[in-house]
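Here the structure is laid out as structure tokens; the discussion comes afterwards.
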Amino acid sequence: MIILFAVVAFLNTLQLEAVYQPLNSLLGELTSFLPKLLGAGILSAIAWLLATLAKTIITRVLGSFNLEEKLGEGNEQISVSQTIGNAIYWFIFLLFLPSILSTLQLEGTLVPVQGLLDQILAIIPNVLGASIIAAVGWVVAKIVQGVVSSLLATTPINQVGAKFGLSTEATGNSLSNIVGNVVKVLILIPVAITALDALQIQAISQPATEMLNQVLTLLPKLLAATLVLGLAYAGGQYLSDMISNVLSRVC
């Protein structure tokens, strides 16, 4: 810029108007653009500062909850807390991007970016609502699963399951644990339907909801068939033992 000023002054001293007028116009445009560039730089610096601060806070807060261990992803390369922190980081930059583009007066780029940001901001409440419903439903399902498994473990149901080759340990592949998992699934299916409806994205929620409704309709029939098979097996085992005892006495 200083060299350009010097060149224009030099050409103006020589009165070479045909040469220095275009350079003078270019210099005027550059100097008029500098405040816009400075303002965009300041906004970018503020966005970077806020994004970095938010990412650091979110990552440390989520890291204190040990989400990777609770979700069983402690050995994976992808960290849940880092992923969420990066998402917050770039989302803050996206919030500042329309202001930066407006400061630079880049209207051709500003319009689509502003439209994208408006769509994202419009869907965020739906995503938050669906996430809260899913989280609460998951916690309730886990609590109910633990209660059902613990209550059934105090009954002879695990000994009954042992006759079918299942474990008698409450924490293993026991009948009480299986029933608890089934109850958890039965709770999570309507929760998933409600969460998908809260998203209000018909292209995703409608087919997924229809599929879950079909599964929910099929479950009573599946449970009834399983109960019939279980009773048939138990009755057949009982008859087999009875006939074996009778024949052993006769022989």
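Predicted model only: the values in this text are computed from it and were never measured.
Under the 4.5 Å side-chain heavy-atom criterion for grouping Ile, Leu, Val, Met, Phe, Trp and Tyr, Ile143 is not connected to Ile189 through any hydrophobic cluster. Taking hydrophobic clusters as Ile, Leu, Val, Met, Phe, Trp and Tyr residues chained together by side-chain heavy-atom distances below 4.5 Å, Ile58 does not share a cluster with Leu49. Both Leu117 and Leu128 are part of a single hydrophobic cluster, where members link through side-chain heavy atoms under 4.5 Å apart. At a threshold of 4.5 Å between side-chain heavy atoms, the hydrophobic network of Ile, Leu, Val, Met, Phe, Trp and Tyr places Leu116 and Ile124 in one connected group. Residues Val147 and Val139 share a hydrophobic cluster, clusters being chains of Ile/Leu/Val/Met/Phe/Trp/Tyr side chains in contact below 4.5 Å.
By the 4.5 Å heavy-atom criterion applied to side chains, Lys184 and Val144 are not counted as neighbours. You'll find the side chain of Lys55 stays beyond 4.5 Å of the side chain of Thr52, heavy atoms only.
Side-chain N/O atoms of Gln82 and Asn86 include no donor and acceptor closer than 3.5 Å.
One distance of note links CG of Leu101 with CG of Leu43; it measures 10.5 Å at 0.5 Å rounding. To the nearest 0.5 Å, atom CD1 of residue Ile178 and atom OG of residue Ser149 are 10.0 Å apart. Here the CG-CG distance, from Leu223 to Leu227, works out to 8.5 Å after rounding to the nearest 0.5 Å. Taking CG of Leu37 as the start and OG of Ser44 as the end, the distance is 9.0 Å to the nearest 0.5 Å. Remark: Leu50 CG to Ile88 CD1 distance equals 12.5 Å, nearest 0.5 Å. Between Glu210 atom CD and Ile193 atom CD1 the span is 11.0 Å, to the nearest 0.5 Å.
Without hydrogens or angle criteria, Ser240 side chain to Gly236 main chain gives no donor-acceptor distance under 3.5 Å. Checked by atom type and distance alone, the side chain of Thr154 pairs as donor or acceptor with a backbone atom of Leu151 at under 3.5 Å.
The heavy-atom pair separating Ala130 from Ala195 by the smallest distance is CB-O, 3.3 Å.
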Show every donor-acceptor pair shorter than 3.5 Å between a side-chain atom in residues 89-100 and any protein atom, with sequence neighbours excluded, or say none if there are none.
none

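Applying side-chain contact (heavy atoms from CB on, under 4.5 Å) to Trp138 and the options Ile133, Ile187, Leu188 leaves one that passes, Leu188.
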